[in-house]
Amino acid sequence: MKFTVFAKTVILLICLLVPILLLYTYANQANVDMVVEEKQQSSLNQFNYFSSQVDKNIEQLSLYGLTLLRDPSILHYRYMTDSTSQYEKNSIYLDILDKLSLYQSTSRWKNDITIVLPQAELVLSTMSSRTVYDEKMLTFPQPGQWQLEKGSFTYFFTDNYEWNEKPMNTGVRTVMEINFDPMNVVAMLDDFKETQGGDPFLLVPGNDPLLNRTADPELVEAIMRDMPFNGPEREGNHQLEVGGKQYLVSYVHSKQLQAVYVNPVVLDDLLTPMDKSRNMFITSILLLLVLSIGAALLLYRKVQVPIHRLMRGLQQIRKGQLSTRIPVDHSRDEFAYLTQSFNHMAEQIQELIEKVYEERIRSREATLKHLQSQINPHFLYNCLFYIKNMTQLGNREAVIAMSLSLGDYYRYITRGENDMTTVEEEIRLLDHYLSIQQMRTNRLTYEIAVPQQLMLLHIPRLLIQPIVENAVIHGIEPMEGSGHVVVTGMAVPEHIEGRTYTRYSLFVDNDGVTLTAEEIAELEREINEPMGEEIGTGTWNVHQRLVTRYGLSSGLHFGAIPYGGLSVEIRWFEEEQPHDESDGRG
């Protein structure tokens, strides 16, 4: 595939722009990935710190329970007997209540502490509503875990970890219950959102999530639906698109609660400056591309189009259309000068070629007349020799037939008005000749089956008869017995060097002497060299006349017949010209 100057220029522009665009895309994506990675790490670190603060407050409440469980006053009260005075019981009771109030006020979170002594059927609590002992207070879930029930987080301790629904049978003497309001967590979520951003919430399995006061419910619902939080990872980041926005969701599992802290952050705000830079670069590339296309179009109009016109003009000149001229542009550039020079050159070439063509026609007509004149005596010698033989044999009819045929022959060739004839006239002459040979030898049969479409074609005189004569003399006569000569023809189209020609062929086949492949090759070599003694004058002249007049692969071509004999093809070409086209000579 050949590329024009315009195509090469466009490819060069593409090769310059594409690597720049790819490199910037790669660099921009690398920067985006780096910023997102840093944002992920920063968001995760901040959220880890937040979750540790929440867990620290929860852990502090858990430690309150453990401390109170080992408090001497509670231990003393737990092991009192019926002999203990009521005064001592009341003093210890009040001391425990004071300690509960003290622990409650120490934490920053609103919380409540309740102590249940099952054996004494006693309840001590910071909640005024929980002072009456009830056996339902002993039906609790597994101790040591925070549970979200009835709108509060609750934690249970006992002095016996073999806990079940019947503490009386396991020897449990003390049950410690600590609970805090979930609004404590909500308040910290609000503080984190105000200071660090995002939309944090706490996801508690089996319960509604704890949201900050300004949370987006649709965003929370999309995160709970599309993100798995039950994997082995305790913390991580996940990107999610909700409502046409890209979010970076950080999550951390709580160490104290059976819950997950979740904080979605909008990434679009973070990437907006980079998007602006990218858009500015893309705009610059598009502007450069538009300018490049404009430059390419200008190059195409001012350079490629004139070059194409010159190339097309040269191709038409090469095809022989010497009247070709290129329209001259009014611009005063180099191509206008080249166009004018081309037209001037074409005009001079046309004049020169017409002169040379006229001289070549004269020379070719002289050559054809010379070649044809060489055939006439050759045929005359054969006819006179035949008449002599027939006279010696006393064959008066054959002599008369030959004399008449010879008279018709000379009447035919002495018409000097035109050196060309039709295939039909040549076939008529051939029929006379074969009839004479048939009468002379009495062992010759022949068949002429030339298509009617070839009969009106114009060809040089005496083109077929010499070949038939050689077939009879050199192919049939040396053989014993009778022989057969067949003359046929055909016309087929052929494409040669981008042009359409009609190939005309006349075949002269005989079933006489068969030549080997080496002998056929030697025969074809001899007819293309200067005439020698090895080959007959008629065969060489016919071939040379066809080559001189028609060119290409015109001439004689030989081939062996599979069942014996030789086939000679008389071939010539004529170019097919549309009726609406000129001959190119002006």
Side-chain angles (χ1 to χ4, degrees), residues 42-71 74 96-116 124-127 130 140-158 174-215 220 229 234-236 249-265:
S42 173
S43 178
L44 189 59
N45 291 338
Q46 292 176 356
F47 210 50
N48 257 323
Y49 179 76
F50 166 75
S51 64
S52 65
Q53 293 297 315
V54 178
D55 286 347
K56 184 177 180 180
N57 290 330
I58 297 175
E59 184 181 11
Q60 183 180 11
L61 293 177
S62 302
L63 292 176
Y64 289 168
L66 291 175
T67 304
L68 286 172
L69 196 61
R70 296 176 178 82
D71 188 87
I74 295 178
I96 293 173
L97 289 177
D98 290 339
K99 289 181 179 181
L100 291 179
S101 299
L102 178 62
Y103 278 110
Q104 182 188 29
S105 60
T106 303
S107 176
R108 294 182 300 174
W109 283 10
K110 179 181 179 182
N111 62 87
D112 289 294
I113 303 175
T114 301
I115 300 175
V116 180
L124 298 93
S125 176
T126 57
M127 293 185 292
R130 300 193 66 182
F140 298 129
Q142 181 69 27
Q145 295 181 353
W146 287 95
Q147 304 289 335
L148 180 58
E149 292 185 350
K150 300 179 181 180
S152 64
F153 284 97
T154 306
Y155 193 86
F156 302 99
F157 294 91
T158 67
T174 307
V175 177
M176 184 75 65
E177 176 187 332
I178 302 176
N179 55 52
F180 65 87
D181 193 344
M183 294 305 296
N184 294 313
V185 179
V186 173
M188 293 194 70
L189 292 174
D190 291 337
D191 293 340
F192 181 83
K193 181 175 182 178
E194 184 177 354
T195 56
Q196 303 297 336
D199 202 358
F201 63 93
L202 179 64
L203 180 60
V204 183
N207 294 274
D208 294 334
L210 293 180
L211 310 178
N212 61 80
R213 291 184 176 86
T214 58
V220 174
F229 295 105
R234 302 298 299 175
E235 62 182 38
V249 182
S250 302
Y251 63 92
V252 178
H253 283 263
S254 175
K255 297 178 181 179
Q256 298 295 325
L257 304 176
Q258 301 296 320
V260 183
Y261 300 102
V262 184
N263 182 36
V265 179

Between Asn184 (side chain) and Lys110 (backbone), is there a donor-acceptor pair under 3.5 Å?
yes

Side-chain donor or acceptor of Ser51 paired with backbone N/O of Ser254 under 3.5 Å:
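Checked: no pair found.
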
If I compare all heavy atoms of [X] with all of [Y], which pair ends up nearest, and what's the gap?
X	Y	result
Pro209	Leu203	CB-CD1, 4.3 Å
Trp146	Phe153	CZ3-O, 3.7 Å
Asn179	Thr154	CB-OG1, 3.7 Å
Gly151	Pro182	O-CD, 3.1 Å
Pro200	Gly197	CD-O, 4.5 Å
Leu202	Leu189	N-CD1, 4.1 Å

Enter the distance from [X]:[atom1] to [Y]:[atom2] here, rounded to the nearest 0.5 Å.
X	Y	atom1	atom2	value
Lys255	Ile58	NZ	CD1	12.5 Å
Phe156	Thr114	CZ	OG1	9.5 Å
Lys56	Gln53	NZ	CD	6.0 Å
Leu257	Tyr155	CG	OH	11.0 Å
Glu194	Thr214	CD	OG1	9.5 Å

Restricting to salt bridge (charged side-chain N to carboxylate O under 4.0 Å, His left out), what partner residues turn up for Asp55, sequence neighbours left out?
none

Salt bridge (charged side-chain N to carboxylate O under 4.0 Å, His left out) partners for Asp190, two or more places apart:
Arg213

Side chain to side chain contact (heavy atoms under 4.5 Å, CB included) between Phe50 and Asn263, worked out
CA-CA 11 Å; Phe50 166 75; Asn263 182 36; over 6 Å; no

Might you work through the side chain to side chain contact (heavy atoms under 4.5 Å, CB included) test for Asp181 and Trp109, ending with a clear yes or no?
CA-CA 8 Å; Asp181 193 344; Trp109 283 10; over 6 Å; no

Please step through side chain to side chain contact (heavy atoms under 4.5 Å, CB included) for the pair Asp199 and Asn212, ending with a clear verdict.
CA-CA 7 Å; Asp199 202 358; Asn212 61 80; 2.8 Å; yes

For Asn48 and Tyr261: C-alpha separation, side-chain torsions, deciding distance, then whether side chain to side chain contact (heavy atoms under 4.5 Å, CB included) applies.
CA-CA 9 Å; Asn48 257 323; Tyr261 300 102; over 6 Å; no

Just wondering, do Leu97 and Leu124 contact through their side chains at under 4.5 Å, heavy atoms?
yes

Tell me if the aromatic rings of Phe192 and Phe47 count as close, with their centers under 6.0 Å from one another.
yes

